[in-house]
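Please read all numbers here as calculations on a predicted model, not as lab measurements. Hydrogens, waters and symmetry mates play no part in the numbers below; they use all other heavy atoms, side chains included.
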4 protein chains.
Amino acid sequence: MNKNSKLIPSMIKDQRLIEQRRQQIIEGAVRLFVQKGFHKSTTREIARECGLSIGTMYEYIQTKEDVLYLVCDHIHSELEQRLQESVSDDDTGIETLRKSLKQLFKVMGEMRTSVLLIYQETKSLPKDKMAYVLSKEEEITAIFERILEKGMNDGTIRIDPSSVKLMAHNIMVMGQMWTFRHWALGRHYDLDEYTERQMAFLLGEFTSGGNRDGNGNLST
Amino acid sequence: MNKNSKLIPSMIKDQRLIEQRRQQIIEGAVRLFVQKGFHKSTTREIARECGLSIGTMYEYIQTKEDVLYLVCDHIHSELEQRLQESVSDDDTGIETLRKSLKQLFKVMGEMRTSVLLIYQETKSLPKDKMAYVLSKEEEITAIFERILEKGMNDGTIRIDPSSVKLMAHNIMVMGQMWTFRHWALGRHYDLDEYTERQMAFLLGEFTSGGNRDGNGNLST
Amino acid sequence: MNKNSKLIPSMIKDQRLIEQRRQQIIEGAVRLFVQKGFHKSTTREIARECGLSIGTMYEYIQTKEDVLYLVCDHIHSELEQRLQESVSDDDTGIETLRKSLKQLFKVMGEMRTSVLLIYQETKSLPKDKMAYVLSKEEEITAIFERILEKGMNDGTIRIDPSSVKLMAHNIMVMGQMWTFRHWALGRHYDLDEYTERQMAFLLGEFTSGGNRDGNGNLST
Amino acid sequence: MNKNSKLIPSMIKDQRLIEQRRQQIIEGAVRLFVQKGFHKSTTREIARECGLSIGTMYEYIQTKEDVLYLVCDHIHSELEQRLQESVSDDDTGIETLRKSLKQLFKVMGEMRTSVLLIYQETKSLPKDKMAYVLSKEEEITAIFERILEKGMNDGTIRIDPSSVKLMAHNIMVMGQMWTFRHWALGRHYDLDEYTERQMAFLLGEFTSGGNRDGNGNLST
DNA sequence: CATGAATGAGCGTTCATTCAT
DNA sequence: TATGAATGAACGCTCATTCAT
């Protein structure tokens, strides 16, 4: 992608090759980082896992942190794409929400370890790259904001407008929770149970109104 | 504390001194880790920040990771204690919940950077220490489990019994969210708004019943 | 050599280069260890003496102890080879013994400081490496066992069969003695005198019979 | 002993106490050094093993190497004394030799690990202390020189006068051999066999004459 | 384009020794 | 005399990065 070409200069001219090699790097690095974490993985190990020589790898990146950025960006992209897939213009707001939530939990189940990875290692990114990754996180969150707004517009979702952003974040966090609290949640719930319960929790809020006061009472 | 004395042996005999120096280490390390993170802080920097020589610091710990454990354990302890403070036997379940949630968000506001720290660095702990820290995290979560159960027993909270654990985790995560999503949330909400909205969200669930199906509809 | 490649892994792929650099390391290390001993030599000093950077040196070894092993093994190999050279199938047993003893003392004279080195530092080797070095020491000793047996078979050497092993060890020790007692012996004897006297001592035993009892009397 | 008091100054005035504490240090240190060697034993460990605090220990020594010296000197003294015990003016030369050799091997059997210790660690002593220890080694060797001379004078031992020193060293080395080659010798001989064979070897030489030429032939 | 040997600053950790109490 | 907490120079070793081939 062009943005990466700008954020991460390469010594190589052939854009095709860059794309291909970076894909290799991402795949190897994800495998390794999921196992050992970013800090405990050496550049040599990353290169070996990618099937590249260390010298060749460095033709396509500038620093080890670039690898982490590539990885985070890739996972985010996959996440975004798969969430976007579940959104259809033909559905009502609540219907879209229902489908996208299902998809969210499904995807979090399937990408559990890699989502956990970006969750834990984003902070190791250099300032500029981190800002980029966080902005992507916000974009993904915005998918849910738009769904909520759609539901508000078509009357299928009731929610205080100023809470839309927050609820979108809540949704995202409930998805990620499955990855970063799996050590505890996984002992008590399987993904289906988790999905059903969290959806009930969220959808209850959106259908009952979200017009409650701080005490949980419906405002009149 | 005795547990630390067992988990982290010291060369020093005087228990008082160990307690005092470790407190020094924790304070210095928190300051530094919040600024630079665990991995980018060197042992020499930690020692300097604590006002100890590197040699002296190592009389009170065994490895750099021990410092991280000390820090995590300390923050957890403070967290637990402050949450526990807000729990009174005299209140009804829902009342206790309301107070403890208020306290949760208040504490997360005040300890934001240090809670974020343990949140991000726990994974860098060695296996045995990490297990210990996670078990503490579960203990804290259990505070909310007990509150929810109390409310169920006195009829002030309605919730599916099998969802108690999950909701306790949801509560904890909503608290921590303020620290790890503050980069986004902080631009749109202040802590009071955040508190009020999240409490409304949670208390709505608990008072309306939690007897909804996966579509958010109240079961009949 | 293959055995070293297995005992001491290297990060470098080119076997030629490994051989060459390890030779460099051995030469520098012997020079240094002879001067200062193993413990007082730092890895940086070793590297400097070898003409390598510390990083480069560590591409060819894993630990400082590996250097010691390389050194011990090299000296042993040279020792073994030079002793083996003096053994010819065409000579009688006693003749072979005479020649090999001469060679032994000659070599001990020429390799005095380096033999002293392995003699003093072998004990600093890690368990597995030490076992290997000691087994090599036994192999070298076995050279003399075989010579004695040859002489027994062709009737030129008389010795109690059960003393063969011991006498082989005695021979080896008389060789090494020149290195580790040189501080005293060297003040009274030169190498030629030492050689002649020790040979007379040993050969006297082997020609007169070795059939004496514990009192030194010839058994009848 | 006075010599130690001069070689190793102490902060303490009371000579009795010095003697006693140093005995403590020697006993603890020998135990430790035999197990782990000098270099791998820390001063803290030595102090603990002696039942002294590190501070107290340092009141009676100046450096860690002093401990090694104390140990070497002590073992040497015991060795010397026990050898001296076996020498009686009433016996003939050959008789004295026979008894002292028996005692030598007996003592080497009993003090095997500690003799090995001084044998391996003497080289780690600082120059001046090492010279002192080596001079002690020579003194002990001189015991055998005197025995051999006695036998030459009373006609019970035949040996080339210029070989006396060498044979005394040979005797000493045959004694020490039991300690530093025990890893190999011990698999084939027990101490009694070793003693008998080595005595036969030595006594054969001394009774047959030692008047052989470099080829082992008796000179006419 | 690809390679991998070379580099050295910098890391975590140790431990002989001191000295205030 | 006895103590043990404090010290910091120095150690062995790592690893991201470079660059000659």
Q: Look at all strands and tell whether D:Met11 reaches a base, only sugar-phosphate, or nothing, counting heavy atoms closer than 4.0 Å.
A: nothing

Q: Report yes if at least one side-chain N or O of D:Tyr60 is closer than 4.0 Å to OP1 or OP2 of F:dT1; otherwise report no.
A: no

Q) For C:Asp66 and F:dG12, what is the distance between atoms CG and P respectively, to the nearest whole Å? A) 13 Å

Q: Could you state the atom-to-atom distance from CD1 of D:Ile46 to P of E:dT14 in whole Å?
A: 17 Å

Q: Give the intermediate values and the outcome of side-chain contact (heavy atoms from CB on, under 4.5 Å) for residues D:Asp73 and D:Tyr132.
A: CA-CA 9 Å; D:Asp73 188 58; D:Tyr132 191 87; 3.8 Å; yes

Q: Give B:Leu52 one of three labels, base, sugar-phosphate or nothing, depending on what nucleic acid heavy atoms sit under 4.0 Å from its own.
A: nothing

(Q) In whole Å, I'd like the distance from the CZ atom of C:Phe38 to the P atom of F:dC11. (A) 13 Å

Q. For C:Tyr119, what residues pass the ring pair (Phe, Tyr, Trp, His ring centres under 6.0 Å) criterion, not counting sequence neighbours?
A. C:Phe180, D:Phe180

Q) Going by heavy atoms in the side chains, are A:Lys129 and A:Cys72 under 4.5 Å from each other? A) no

Q: Rounded off to whole Å, could you give me the CZ-to-P distance for the D:Arg22 and F:dT1 pair?
A: 13 Å

Q. Reckon A:Arg21 has a side-chain N or O less than 4.0 Å from the OP1 or OP2 of E:dA2?
A. yes

Q | Intra- and interstrand pairs of DNA chain E - dot-bracket, Watson-Crick/G-U under 3.5 Å, | marks other strand | A | .||||||||||||||||||||

**Q.** Atom-pair distance (CD1 on C:Ile25; P on E:dA5), nearest Å
**A.** 14 Å

Q: Please identify each residue that fulfils side-chain contact (heavy atoms from CB on, under 4.5 Å) with D:Ser114, with sequence neighbours left out.
A: D:Val30, D:Ile75, D:Met111

Q: Report the residues that fulfil side-chain contact (heavy atoms from CB on, under 4.5 Å) with A:Thr56, sequence neighbours left out, ordered by chain and then residue number.
A: A:Arg21, A:Leu52, A:Ser53, A:Tyr60

Q) Could you write nucleotides 15-21 of chain F as a row of B, S and -, 5' to 3', where a protein heavy atom under 4.0 Å of any base atom gives B, of only sugar-phosphate atoms gives S, and otherwise -? A) SBBB---

Show me the donor-acceptor pairs within less than 3.5 Å that the side chains of residues 31-40 of chain C make with the rest of the protein, sequence neighbours left out.
unit_1	atom_1	unit_2	atom_2	d
C:Arg31	NH1	C:Glu49	OE2	2.8
C:Lys36	NZ	C:Glu45	OE1	3.2
C:Lys36	NZ	C:Glu45	OE2	2.7
C:His39	ND1	D:His39	ND1	3.1

Q) Can you name the salt bridge (charged side-chain N to carboxylate O under 4.0 Å, His left out) partners of C:Lys64, sequence neighbours left out? A) none

Q) Taking atom P of F:dA6 as reference, at what distance in whole Å does atom CD of B:Gln20 sit? A) 9 Å

Q: For B:Arg48 and E:dG12, give me the distance from atom CZ to atom P, rounded to whole Å.
A: 12 Å

Q | For D:Arg44, side chain to side chain donor-acceptor pair (under 3.5 Å) partners two or more places apart | A | B:Glu59

**Q.** Distance, rounded to the nearest Å, where A:Lys36 contributes NZ and F:dT14 contributes P
**A.** 12 Å

Q: Mind checking side-chain contact (heavy atoms from CB on, under 4.5 Å) for C:His74 and listing every partner two or more places apart, or none if nothing turns up?
A: C:Gln23, C:Ile26, C:Glu78

